[in-house]
2 protein chains.
Amino acid sequence: MESSGEAGTYAHDVLAVVLRITEAVPSVLLWQRAREPQAGRWSLPAGRLGPDEDVEASVRRHLAEKVDLAEVAHVEQLGVFSDPHRGPPPRRVATAFLGLVPTDADPAVPDDTAWHRVDALPPTAFDHGVITRDGLDRLRAKLSYTNIGFALAPATFTVSELRDLYAAALGHRVSATNLQRVLTRRGVLVPTGATAAPGPAGGRPAATFRFCEHALRVTDPFAALRPPGDGG
Amino acid sequence: MESSGEAGTYAHDVLAVVLRITEAVPSVLLWQRAREPQAGRWSLPAGRLGPDEDVEASVRRHLAEKVDLAEVAHVEQLGVFSDPHRGPPPRRVATAFLGLVPTDADPAVPDDTAWHRVDALPPTAFDHGVITRDGLDRLRAKLSYTNIGFALAPATFTVSELRDLYAAALGHRVSATNLQRVLTRRGVLVPTGATAAPGPAGGRPAATFRFCEHALRVTDPFAALRPPGDGG
DNA sequence: GCAAAAGTGTTTGAAGTACACCCATGT
DNA sequence: ACATGGGTGTACTTCAAACACTTTTGC
């Protein structure tokens with residue numbers, strides 16, 4: 001048992017929506033609660049904020065218990081969830097993060113932990129279903145105006161493979177032709193020079209690419225109201 | 001004096017970057033600390049998260065002590081600031097918000113509180129300078145792809161007046177011609193039918209407009225990778 | 001009439017979608 | 001040969017910036 005602490009102080013949790021594209025659909029990393037509260041339901045990886053770390057360091061520390069951190073290609077803050085009744089007392093405040101894992105990493109996970117398709121979530125604990133949805137919305141938005149794809153894609157890939165990743169994440173068809181042009185114009189894709197072998201049915205060998213940078217960059221900063229003399 | 005509370009719990013603060021365009025420049029609402037820590041320095045409006053409120057309710061409650069809440073046209077979460085050394089012990093975690101006040105409101109503020117131009121901030125307490133910058137960056141970004149201008153503009157206005165607001169907030173020249181076309185095309189401006197009287201130097205009377213909605217709406221959701229058959 | 005400010009028309013360019021067509025490989 | 005998938009070329013659309021020109025006022 002734990003007491004509720006001094007008046008005006010709250011346990012602060014950090015939690016992570018870790019997404020990965022699997023089987024042409026986004027999946028989120030969840031673990032099944034063995035004990036109350038909410039035994040049997042599925043939770044996002046989470047943990048208590050420690051005294052000598054900020055929330056980002058904390059979420060990385062806790063994530064390391066569920067996945068190899070080296071395979072989490074990007075982490076960013078989603079926001080604070082603080083409804084006083086978001087869980088049973090004592091009251092907890094949580095800072096949520098979005099984490100992304102490339103498809104070529106297949107991190108080992110503990111027995112109680114598994115990837116779940118976001119379109120068919122199992123019963124989730126507390127507000128974790130809502131938070132997962134927020135994470136996916138953030139990813140979808142940023143695919144359009146940043147290079148965040150680097151965190152979903154393998155080290156090298158063909159445009160077709162990348163197209164499938166984007167289509168899975170966005171939930172709608174994506175044209176390989178246009179995807180290549182958009183990302184090339186923005187300078188986020190670099191050809192490796194190598195080509196991939198065709199499949200068993202034949203076809204022209206595909207050129208392979210990689211992302212130029214592996215840090216988040218906004219590639220389409222504003223659609224309108226740019227400073228004068230800035231092109232357009 | 002206050003103790004540091006039970007291990008693993010932290011005081012949670014909420015604070016607000018309240019912005020308003022004054023004298024053709026963005027200003028932020030700050031109050032001067034009378035007591036240690038950081039006596040004499042200027043702080044963002046802030047307060048402790050209460051036991052029965054979420055962070056947004058809390059920031060509204062604390063803001064009400066500094067400004068008339070009815071004059072804050074928009075509030076949104078910026079993020080969590082949690083560096084263990086962002087202030088003196090005991091450690092405090094803070095959720096920051098952005099608040100916007102229209103130019104036609106001139107809220108009464110307490111004696112210790114004043115608007116300060118963001119381009120000439122006085123010495124700020126803790127990390128409040130950085131947080132202020134974050135708030136301004138958020139405002140600038142959203143001016144381009146949302147209708148957030150409604151929260152800066154008076155109830156009705158001419159396009160010239162609106163142009164001056166946008167230019168002040170963005171920090172660069174804005175063309176009234178193009179501003180009107182962009183906002184009209186997006187359906188965020190509505191003509192009132194009335195016209196404003198010309199100034200003493202003459203000139204054609206300006207038509208007046210108002211914002212169609214007074215809730216935040218994303219008007220330019222994605223520049224690229226839209227679903228097929230969605231125009232383009 | 002003239003200056004000042006508002007507003008419209010039009011040109012230019014960039015970005016993105018759609019689609020036709022060519023290329024390289026396997027069987 | 002021909003099917004299969006990869007890639008380029010190009011037309012079309014939308015959006016927004018730039019700028020010339022017209023409109024309506026005060027003096």
Side-chain angles (χ1 to χ4, degrees), chain A residues 143-147 156-164 166-167 170 172-209 218-232, chain B residues 143-146 149 156-164 166-167 170 172-209 218-232:
Chain A
L143 281 171
S144 169
Y145 67 94
T146 74
N147 65 344
T156 72
F157 46 82
T158 67
V159 174
S160 288
E161 289 161 356
L162 191 64
R163 183 259 319 264
D164 292 342
Y166 272 72
L170 291 170
H172 62 74
R173 295 188 152 285
V174 172
S175 147
T177 299
N178 295 333
L179 181 65
Q180 180 181 12
R181 276 208 266 252
V182 168
L183 297 184
T184 301
R185 183 185 9 248
R186 292 177 174 180
V188 337
L189 288 191
V190 187
T192 63
T195 60
R204 174 171 167 175
T208 62
F209 294 83
V218 174
T219 55
D220 189 18
F222 23 58
L225 308 178
R226 27 183 183 285
D230 215 48
Chain B
L143 280 172
S144 170
Y145 68 94
T146 74
T156 71
F157 46 83
T158 68
V159 173
S160 289
E161 289 162 356
L162 191 64
R163 183 260 319 265
D164 292 342
Y166 272 71
L170 291 169
H172 62 74
R173 295 187 153 286
V174 173
S175 147
T177 299
N178 295 333
L179 181 65
Q180 180 181 14
R181 276 208 267 251
V182 167
L183 296 184
T184 301
R185 179 178 25 240
R186 293 176 174 182
V188 337
L189 287 191
V190 188
T192 64
T195 60
R204 174 171 168 176
T208 61
F209 294 82
V218 174
T219 55
D220 189 17
F222 21 59
L225 307 180
R226 29 185 182 282
D230 215 47

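So you know, we letter chains A, B, ... as the sequences are listed, proteins then strands, and number each from 1.
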Identify whether any heavy atom of B:A176 sits under 4.0 Å from a base atom; if not, whether one sits that close to sugar-phosphate; answer base, sugar-phosphate or nothing. nothing
With a non-hydrogen cut-off below 4.0 angstrom, is B:A197 in contact with a base, only sugar-phosphate, or nothing? nothing
Kindly compute the distance separating [atom1] ([X]) from [atom2] ([Y]), expressed to the nearest 0.5 Å.
X: B:L183; Y: B:N178; atom1: CG; atom2: CG; value: 10.5 Å
X: A:T219; Y: A:R185; atom1: OG1; atom2: CZ; value: 11.0 Å
X: A:T158; Y: A:D164; atom1: OG1; atom2: CG; value: 8.0 Å

Is any N or O donor-acceptor pair between the side chain of A:R181 and the base of D:dT10 shorter than 3.5 Å?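 Present.
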Using whole Å, report how far [atom1] of [X] lies from [atom2] of [N].
X: B:N178; N: D:dA20; atom1: CG; atom2: P; value: 14 Å
X: A:R226; N: D:dC15; atom1: CZ; atom2: P; value: 13 Å
X: B:L183; N: D:dA17; atom1: CG; atom2: P; value: 10 Å
X: B:F209; N: C:dA6; atom1: CZ; atom2: P; value: 12 Å
X: B:Y145; N: D:dT14; atom1: OH; atom2: P; value: 25 Å
X: B:L162; N: C:dG7; atom1: CG; atom2: P; value: 12 Å
X: B:F222; N: D:dC15; atom1: CZ; atom2: C1'; value: 15 Å
X: B:Q180; N: D:dA16; atom1: CD; atom2: P; value: 14 Å

A:P200 vs A:V182, nearer the 5' end of DNA chain C by closest nucleotide: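 So the residue in question is A:V182.
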A:G203 or A:R186, whichever maps to the more 5' nucleotide of DNA chain C: A:R186
With respect to the phosphate group of [N], does any side-chain polar atom (N or O) of [X] fall under 4.0 Å of OP1 or OP2?
X: B:T177; N: C:dG7; answer: no
X: B:S160; N: C:dA6; answer: yes
X: A:R185; N: C:dG16; answer: yes

Counting side-chain heavy atoms from C-beta on, which of [options] comes nearest to [X]?
X: B:P228; options: C:dA18, C:dT25, D:dA17; result: C:dA18
X: A:R204; options: D:dA18, D:dG5, C:dG7; result: D:dG5
X: B:A206; options: C:dG26, D:dG6, C:dG7; result: C:dG7
X: A:V159; options: C:dT25, D:dG7, C:dG16; result: D:dG7

Tell me, do A:D220 and A:R186 make a side-chain contact under 4.5 Å, heavy atoms counted?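 In short, these two side chains touch, coming nearer than 4.5 Å.
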Test item: B:F209 and B:L162 side chains (from C-beta on) under 4.5 Å apart, heavy atoms: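 Contact flag for B:F209/B:L162 side chains = no.
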Return the 5'-most residue of the pair A:E161, B:L179 with respect to DNA chain D, ranking by each residue's nearest nucleotide. A:E161
What residue among A:T156, A:T195, A:T192 forms side chain to side chain donor-acceptor pair (under 3.5 Å) with A:T208?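 Among the candidates, only A:T192 passes.
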